[in-house]
**Q** 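Once you've had a glance at the structure underneath, I'll fire off some questions.
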Amino acid sequence: MKQSQWLVYTSTFAAALAGFLFGFDTIVISGADRPIQELWTLSDLFHGTFIMSMALWGTVIGALLGGIPADRFGRRRTLFWIGILYLLSALGSALAPNPYIFSVSRFIGGLGVGASSVAVPIYIAEITPAYDRGKLGALYQFNIVFGILVAYLSNYFIGTALGEGAWRWMMGVEIIPAAIYCASVIGIPESPRWLVVKKKDESAARDLLEQLDPEEGVDRILSSIKKSVREGDVPLSKFFSGTFRFPILLAFLVAFFNQMSGVNFVLYYAPRIFEQAGIEAEAVLGASVPIGVVNLLFTLLGMYLIDRVGRKKLLYIGSFGYIASLSGVSWAFFSGWQGAVVVVFVCAFIAAHAVGQGAVIWVFISEIFPNAVRDYGMSLGSGTHWVSAALITLLTPTVLSTFTGAQIFAFFAGMMVLQLLFVWLIMPETKGLTLEEMEVKLGISTEKLEEEFDVEADAPTST
């Protein structure tokens, strides 16, 4: 392996470890769901709001605001402090004496999840060459699903070994990977695009580009970066002008449909869904493990395919898989063919998600916005994703007690028909293009930006 490839891969892997913490932190609560509600005798509404979905509300805030520190202080420093948030959350959740301290701790962890879903895809997109960007960007998603699998396994083994009170160990074990992640990101390089856009440090950016991708043509890349940001910093008010309407629409719809598939509904509440399907309570945690295994294997397939067949074709595959599997789960509940049949269809649903939306979402959103507004765009896409996820998770205990499994999964299948129409009619293909070439493809030319923001074409870009 060439030295430049080694630097790209190691830096990407270190940053993507935040995805492991993302996945672990998101799913570890599923093992503590019932024990916490029974321990503190919580109502469904309080439990759904302050225990199960509190981390997601932190995630919403972290996603909406995560672009600010990434923009102001740099990608690398932001990634380190995300790790600190995970450490504090794990410690507080494990030692919480009451539901209020537990909720605050989960909220802090949610801030880390939300900020990482903004900062990590941006960082990876900005340091990787175009021909590897999909695969390396999907490494973040791979780490998410690996964290999900480890969380399921951890919950199963800790729950089996320790019994009552095991939930504290389930929550606290996250301290170990959080510490490893913090140590890993200390030595990674800063994004060269951030150095040009925000620090105006063309010399440092050139040195980094020569280390990261010397064969791509450093002068050409640097010239493209400088040209793409000639309009200068774009204020948030201008971000929502008509200039960026198309990438905003794309980011919103991809993120919205990601959650309207019901993926967080399944991942967060798999034990309750399987109980409704007639699986005995003792076997529920074990039945959840195949979800993590299937998620991991099909994410690897998505990583393999994303730079070969492209983002759009993967979403086609995922959409058809969603519709078939969700319809199957709905049918199983409706007809009474539950138990193992539901587990099989749910695993098929997870496979469709992993190879489609799971592999595509963070890569695609990080690609479609110009350099000067990528932080805003990633925050918007990630925020949309997490607002939808938080609402679904908050409402799920009530939904599960009000509607049948057949009705719930039929609704999600219908939403995936709408996603299929979005992919067919609106979504562009983005594989193989540099970030600057993407701006041209989406109709955001430098000339248009100069006209929109009334900036001189020859404005200086470095000092």
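Given the structure is predicted, the values throughout are model-derived calculations rather than measurements. FYI, the numbering just counts along the sequence from 1.
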**Q** Side-chain contact test, heavy atoms from C-beta onward, threshold under 4.5 Å: evaluate it for Phe142 versus Leu296 and give yes or no.
**A**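 Touching, per the 4.5 Å side-chain cut-off.
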**Q** Give every donor-acceptor pair under 3.5 Å between a side-chain atom in residues 352-361 and any protein atom, sequence neighbours left out.
**A**
unit_1	atom_1	unit_2	atom_2	d
His353	ND1	Tyr322	OH	2.5
Gln357	OE1	Asn258	ND2	3.1
Gln357	NE2	Val254	O	3.1
Gln357	NE2	Gln419	OE1	2.8

**Q** Less than 4.5 Å apart, any side-chain heavy atom of Phe146 and any of Thr299?
**A** no
**Q** Under 3.5 Å, sequence neighbours excluded: what are the donor-acceptor pairs made by side chains of residues 80-92?
**A**
unit_1	atom_1	unit_2	atom_2	d
Tyr86	OH	Val113	N	3.4
Ser89	OG	Ser105	O	2.8
Ser89	OG	Gly109	N	3.4

**Q** Is there a side chain to side chain contact (heavy atoms under 4.5 Å, CB included) between Leu420 and Trp424? Walk through the geometry before answering.
**A** CA-CA 6 Å; Leu420 182 60; Trp424 176 37; 5.7 Å; no
**Q** Output yes when Asp25 and Arg106 qualify as a salt bridge under the 4.0 Å nitrogen-oxygen rule, no when they do not.
**A** yes
**Q** What's the separation between atom CZ in Phe298 and atom CD1 in Ile317, rounded to the nearest 0.5 Å?
**A** 11.0 Å
**Q** Go through Leu391 and Val387 one step at a time and tell me if the side chain to side chain contact (heavy atoms under 4.5 Å, CB included) criterion holds.
**A** CA-CA 6 Å; Leu391 289 172; Val387 167; 4.1 Å; yes
**Q** Do side-chain atoms of Lys441 reach the backbone of Glu429 as a donor and acceptor pair under 3.5 angstrom?
**A**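 A pair under 3.5 Å: yes.
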**Q** A side-chain contact here means heavy atoms from C-beta on lying under 4.5 Å apart; do Leu314 and Arg311 qualify?
**A** no
**Q** Is there a donor-acceptor contact under 3.5 Å from the side chain of Lys431 to the main chain of Arg308?
**A**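 Present.
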**Q** Within the 4.5 Å heavy-atom criterion, are Pro121 and Phe364 side-chain neighbours or not?
**A** no
**Q** Between the main-chain N or O of Ala255 and the side-chain N or O of Thr384, is there a donor-acceptor pair closer than 3.5 Å?
**A** no
**Q** At what distance, to the nearest 0.5 angstrom, does OH of Tyr140 lie from CH2 of Trp362?
**A**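 Tyr140 atom OH to Trp362 atom CH2 measures 6.0 Å (nearest 0.5 Å).
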**Q** How about Phe102 and Ile51: do any of their side-chain heavy atoms sit closer than 4.5 Å?
**A** yes
**Q** Is the shortest heavy-atom distance from the side chain of Leu300 to the side chain of Tyr304 under 4.5 Å?
**A**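 Sidechains of Tyr304 and Leu300: no contact.
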**Q** Checking the side chain of Ser117 only, and the main-chain atoms of Gly114 only, is there a donor and an acceptor separated by less than 3.5 Å?
**A**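 Yes: the side chain of Ser117 pairs with the backbone of Gly114.
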**Q** Taking all non-hydrogen atoms of both residues into account, name the closest pair between Thr78 and Ala119 and its distance.
**A** CG2-CB, 4.1 Å
**Q** Supply the atom-to-atom distance Ser261 OG to Phe256 CZ, rounded to the nearest 0.5 angstrom.
**A**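 Here the interatomic distance stands at 11.0 Å.
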**Q** List the steps, then state whether side chain to side chain contact (heavy atoms under 4.5 Å, CB included) holds for Phe107 with Ile61.
**A** CA-CA 9 Å; Phe107 182 82; Ile61 302 301; 4.2 Å; yes
**Q** Crowded around Arg77 CZ? As in, over 12 foreign heavy atoms under 6.0 Å?
**A** no
**Q** Should Arg75 and Asp71 count as an ion pair when the cut-off is N to O under 4.0 Å?
**A** no
**Q** Looking at side-chain heavy atoms only, is the closest gap between Phe246 and Ile368 below 4.5 Å?
**A** no
**Q** Please name the pair of heavy atoms, one in Val423 and one in Ser319, separated by the smallest distance, quoted to 0.1 Å.
**A** CG2-OG, 4.3 Å
**Q** Does Thr10 reach the main-chain N or O of Leu7 with its side chain, forming a donor-acceptor pair under 3.5 Å?
**A** yes
**Q** Keeping Ser366 on the side-chain end and Val363 on the backbone end, is there a donor-acceptor pair under 3.5 Å?
**A**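 Confirmed, Ser366 side chain pairs with Val363 backbone.
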**Q** Which distance, rounded to the nearest 0.5 Å, do you find between the OG1 of Thr12 and the OH of Tyr123?
**A** 7.0 Å
**Q** Can you tell me if Asn143 uses its side chain to pair, donor with acceptor, with the backbone of Leu17 under 3.5 Å?
**A**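 No; judged by distance alone, with no hydrogens or angles, the pair does not exist.
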**Q** Between Tyr131 and Asp307, is there a side-chain heavy-atom distance shorter than 4.5 Å?
**A**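 No, side chains not in contact.
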**Q** Is the backbone of Leu433 close enough, under 3.5 Å, to the side chain of Arg133 for a donor and an acceptor to pair up by distance?
**A**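 The answer is yes, because a donor-acceptor pair under 3.5 Å joins these two groups.
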**Q** Enumerate donor-acceptor pairs with a distance under 3.5 Å from any side-chain N or O in residues 171-186 to protein atoms, sequence neighbours excluded.
**A**
unit_1	atom_1	unit_2	atom_2	d
Tyr181	OH	Leu79	O	2.9
Ser184	OG	Ile180	O	2.8

**Q** Taking Met427's backbone N and O only, do any of them form a donor-acceptor pair with Lys312's side chain (distance below 3.5 Å, no angle check)?
**A**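 Side chain of Lys312 to backbone of Met427: a pair is present.
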**Q** Quick one, Ile148 with Phe20, criterion side chain to side chain contact (heavy atoms under 4.5 Å, CB included). Give me CA distance, side-chain angles, the key distance, then yes/no.
**A** CA-CA 8 Å; Ile148 289 171; Phe20 177 89; over 6 Å; no
**Q** Can you tell me if Asn295 uses its side chain to pair, donor with acceptor, with the backbone of Val145 under 3.5 Å?
**A**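 Looks like no, no N/O pair under 3.5 Å.
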**Q** Could you tell me the separation between the CZ atom of Phe252 and the CZ atom of Phe257, rounded to the nearest 0.5 Å?
**A**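 CZ of Phe257 is found 9.0 Å from CZ of Phe252.
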**Q** Rounded at 0.5 Å granularity, tell me how far CD1 in Ile127 sits from CD1 in Ile122.
**A** 13.0 Å
**Q** Have Glu126 and Ser191 got a donor and an acceptor in their side chains that come within less than 3.5 Å?
**A** yes
**Q** Identify which one of Asp375, Ile248, Leu250 satisfies the side-chain contact (heavy atoms from CB on, under 4.5 Å) criterion when paired with Phe369.
**A**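 Exactly one candidate clears the test, Ile248.
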**Q** Taking all non-hydrogen atoms of both residues, which atom of Glu367 and which atom of Thr430 are closest, and how far apart?
**A**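 Distance-wise, the nearest heavy atoms are OE1-OG1, 2.6 Å.
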